[in-house]
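Keep in mind that the numbers below use all heavy atoms, side chains included, and drop hydrogens, waters and symmetry copies. Chain A is the first sequence line, chain B the second, and so forth, proteins listed ahead of strands; every chain is numbered from 1. All figures in this text were calculated on a predicted structure; none of them were measured in a lab.
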Amino acid sequence: MPELPEVETIVRGLRATLPGRRILQVHLGKTDFIDEPAALEASLPGSKIVSVKRHGKFIVLDIEPSNEMAQNFSLLVHLGMTGRLVVCSPNVPIAPHTHVFFELDDGRELRYTDPRRFGSIQMLQESARADLLGKLGADPLETTVANFIAVLRNRRARIKALLLDQRVLRGMGNIYTDESLWRARIHPTRIGAELQDAELRRLFRVVQLVLNEAIRLGGSSISDYVNSEGKPGEYQFRHRVYQREGKSCYRCGASIRRVIVAGRSSYFCPRCQRGPRKKAPQ
DNA sequence: CTTACGGCCTGGGTGC
DNA sequence: TGCACCCAGGCCGTAA
């Protein structure tokens with residue numbers, strides 16, 4: 001579910017309430033998506049949440065342990081396709097598939113809900129966290145157009161696959177990739193190295209535009225996504241191509257098509273986004 | 001360095 | 001009502 005704008009929205013919500021809070025107790029349901037559930041139960045009670053950050057699609061909670069001799073560590077939460085992280089009163093009915101409860105010292109709870117359990121929760125020391133996050137590419141909202149072009153221009157993979165690859169850029173997912181390519185009028189199967197500089201500059205501009213606009217509207221809610229207060233976003237009403245197969249293009253009226261690229265449904269306008277040149281038969 | 005593919009899970013929608 | 005099938009904001013491991 002959640003891509004950069006959804007995760008950013010959740011992080012901003014959590015940042016308003018979590019820093020400074022202590023975790024009193026942890027309750028776990030299913031734990032197959034948690035690296036070391038026993039370590040969570042052992043280390044978190046009594047610890048303090050220092051800060052909340054986003055790194056790509058990861059939510060990073062920096063934690064000060066209750067044991068003053070122990071080192072600070074981080075809790076990395078990835079929401080996968082259907083993960084939710086919500087702060088609420090313990091009286092709020094428990095959504096199905098809620099597997100983690102953090103009791104907070106203000107009487108509220110931080111709950112993790114994830115029907116498909118494609119998400120993950122990891123407790124990492126500084127060096128392990130740096131190893132993991134260091135493998136990711138630049139944040140598309142923080143990088144420069146020069147760097148954006150540099151990481152794409154020599155690649156033989158298709159642009160859609162490159163934008164989805166978290167080692168190239170961190171934070172894009174299926175929705176915002178399609179939305180950006182449509183706005184930049186670039187076909188999803190174009191080869192990175194075959195894009196002109198002007199096209200890459202255009203792509204960079206619309207990626208930032210789309211992501212910022214989506215953040216402003218609180219992300220896209222298709223079926224599962226809600227923010228940290230349990231409320232849906234509104235960017236789904238601004239989608240121009242995503243899940244619009246057979247409907248007419250907002251720009252030219254042609255029928256939107258769906259193809260599989262990099263294993264994912266990819267929506268594009270066959271008229272506005274021209275395909276790569278086909279190989280001439282020998 | 002690539003791509004393709006299957007797998008991880010559950011639920012919702014569709015068509016027979 | 002049941003059932004088979006397809007689809008879903010992500011990512012990992014394997015094989016080629």
Engineer: Could you tell me the separation between the CG atom of A:L164 and the P atom of C:dC12, rounded to a whole number of Å?
Structural biologist: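 Taking atom P of C:dC12 as the reference, CG of A:L164 is at 13 Å.
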Engineer: OP1 or OP2 of C:dC11 sitting under 4.0 Å from any side-chain N/O of A:S120?
Structural biologist: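 For C:dC11, OP1/OP2 do not have a side-chain N/O of A:S120 under 4.0 Å.
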Engineer: Measure from CD1 on A:I222 to P on B:dG13 and round the result to the nearest Å.
Structural biologist: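 From A:I222 CD1 to B:dG13 P: 14 Å.
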Engineer: Does the side chain of A:Y267 get closer than 4.0 angstrom to OP1 or OP2 of C:dA8 through an N or O atom?
Structural biologist: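 Yes, because at least one side-chain N or O of A:Y267 sits under 4.0 Å from OP1 or OP2 of C:dA8.
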Engineer: Just by distance, no angles: are the side chains of A:T177 and A:K160 close enough, under 3.5 Å, to form a donor-acceptor pair?
Structural biologist: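 Short answer, no.
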Engineer: Look at the side chain of A:R116 against the base of B:dC9 and say whether a donor-acceptor pair falls under 3.5 Å; ignore hydrogens and angles.
Structural biologist: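 When only heavy-atom distances are counted, A:R116 does reach the base of B:dC9 through a donor-acceptor pair under 3.5 Å.
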Engineer: Can you tell me how far P of C:dG10 sits from CD1 of A:I59, to the nearest Å?
Structural biologist: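 So the two atoms are 14 Å apart, to the nearest Å.
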Engineer: It should be established whether A:R117 places a side-chain nitrogen or oxygen under 4.0 Å from OP1 or OP2 of nucleotide B:dC8.
Structural biologist: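 Looking at the OP1 and OP2 atoms of B:dC8, neither is under 4.0 Å from any side-chain N or O of A:R117.
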Engineer: With respect to the phosphate group of B:dT10, does any side-chain polar atom (N or O) of A:K30 fall under 4.0 Å of OP1 or OP2?
Structural biologist: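 A:K30 to B:dT10 OP1/OP2: side-chain N or O found under 4.0 Å.
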Engineer: Does A:Q166 have a side-chain nitrogen or oxygen under 4.0 Å from the phosphate oxygens OP1 or OP2 of C:dC11?
Structural biologist: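 Yes, within the criterion.
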Engineer: I'd like the P distance from B:dC9 over to C:dC3, given in whole Å.
Structural biologist: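 Between the two P atoms, the distance is 23 Å.
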Engineer: Would the number of heavy atoms belonging to other residues, nucleotides or ligands and lying under 6.0 Å from CD of A:E142 be above 12?
Structural biologist: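 Counting neighbours around CD of A:E142, more than 12 heavy atoms of other residues, nucleotides or ligands fall under 6.0 Å, so yes.
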Engineer: May I ask you to test the A:K57-A:L4 pair for a side-chain heavy-atom distance under 4.5 Å?
Structural biologist: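 No, side chains not in contact.
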Engineer: By the 4.0 Å heavy-atom rule, please label A:Y242 as base, sugar-phosphate, or nothing.
Structural biologist: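 Sugar-phosphate only.
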Engineer: Is the shortest heavy-atom distance from the side chain of A:L79 to the side chain of A:Y112 under 4.5 Å?
Structural biologist: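 Yes, close enough: below the 4.5 Å cut-off.
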Engineer: Measure NZ/A:K135 against P/C:dG13 and give the value in whole Å, please.
Structural biologist: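 About 10 Å, once rounded to whole Å.
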Engineer: Is the distance from OP1 or OP2 of C:dG10 to the nearest side-chain N or O of A:H78 less than 4.0 Å?
Structural biologist: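 It does not, given that no N or O in the side chain of A:H78 lies less than 4.0 Å from OP1 or OP2 of C:dG10.
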Engineer: According to the 5.5 Å centroid and 30° plane-angle thresholds, does A:F118 stack upon the nucleobase of B:dC9?
Structural biologist: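 No; by the centre-distance and plane-angle rule, A:F118 does not count as stacking on B:dC9.
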Engineer: Are more than 12 heavy atoms from other residues, nucleotides or ligands located less than 6.0 Å from atom CZ of A:R257?
Structural biologist: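 Counting other residues, nucleotides and ligands, CZ of A:R257 stays at 12 neighbours or fewer.
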Engineer: Rounded to whole angstrom units, what separation is found between the CZ atom of A:R84 and the P atom of B:dG11?
Structural biologist: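 Rounding to the nearest Å, CZ of A:R84 and P of B:dG11 are 13 Å apart.
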Engineer: Please report, rounded to the nearest Å, how far the C1' atom of B:dT10 is from the CG atom of A:D32.
Structural biologist: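 One finds 12 Å between C1' of B:dT10 and CG of A:D32, rounded.
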Engineer: Would you please enumerate the stems DNA chain C participates in, each stem being three or more consecutive Watson-Crick or G-U wobble pairs with both distances under 3.5 Å?
Structural biologist: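 Correct response: B:2-8 with C:10-16, B:10-16 with C:2-8.
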Engineer: In terms of ring plane angle, is the pair A:Y250 and A:W182 parallel, tilted or perpendicular, where the classes change at 30° and 60°?
Structural biologist: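 Because their plane-to-plane angle is over 60°, the rings of A:Y250 and A:W182 count as perpendicular.
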Engineer: Pick the P atom in B:dC5 and in C:dC6, then give their distance to the nearest Å.
Structural biologist: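 B:dC5 and C:dC6 have their P atoms separated by 15 Å.
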Engineer: With a 3.5 Å cut-off and no angle check, do the side chains of A:Y176 and A:S220 form a donor-acceptor pair?
Structural biologist: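 A:S220 and A:Y176 do have a side-chain donor-acceptor pair below 3.5 Å.
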Engineer: Could you tell me how far B:dG11 sits from C:dC11 if I compare only their P atoms? Round to whole Å.
Structural biologist: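 Result for the P pair: 22 Å, nearest Å.
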Engineer: Give a yes-or-no answer on whether the side chains of A:S51 and A:D62 include a donor-acceptor pair shorter than 3.5 Å.
Structural biologist: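 A:S51 vs A:D62: donor-acceptor pair found between side chains.
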Engineer: Rounded to whole angstrom units, what separation is found between the CG atom of A:L76 and the C1' atom of C:dC11?
Structural biologist: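 Distance, rounded to whole Å: 15 Å.
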Engineer: When the distance from CG of A:L4 to P of C:dC11 is rounded to whole Å, what number comes out?
Structural biologist: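 Roughly 11 Å, once rounded to whole Å.
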Engineer: Can you see if the side chain of A:H97 gets near the phosphate of B:dC9 - specifically, an N or O under 4.0 Å from OP1 or OP2?
Structural biologist: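 False: A:H97 side-chain N/O out of range (4.0 Å or more) of B:dC9 OP1/OP2.
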Engineer: Contact class for A:R258 (heavy atom, under 4.0 Å): base, sugar-phosphate, or nothing?
Structural biologist: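 The answer is sugar-phosphate, as A:R258 gets under 4.0 Å only of primed atoms, P, OP1 or OP2.
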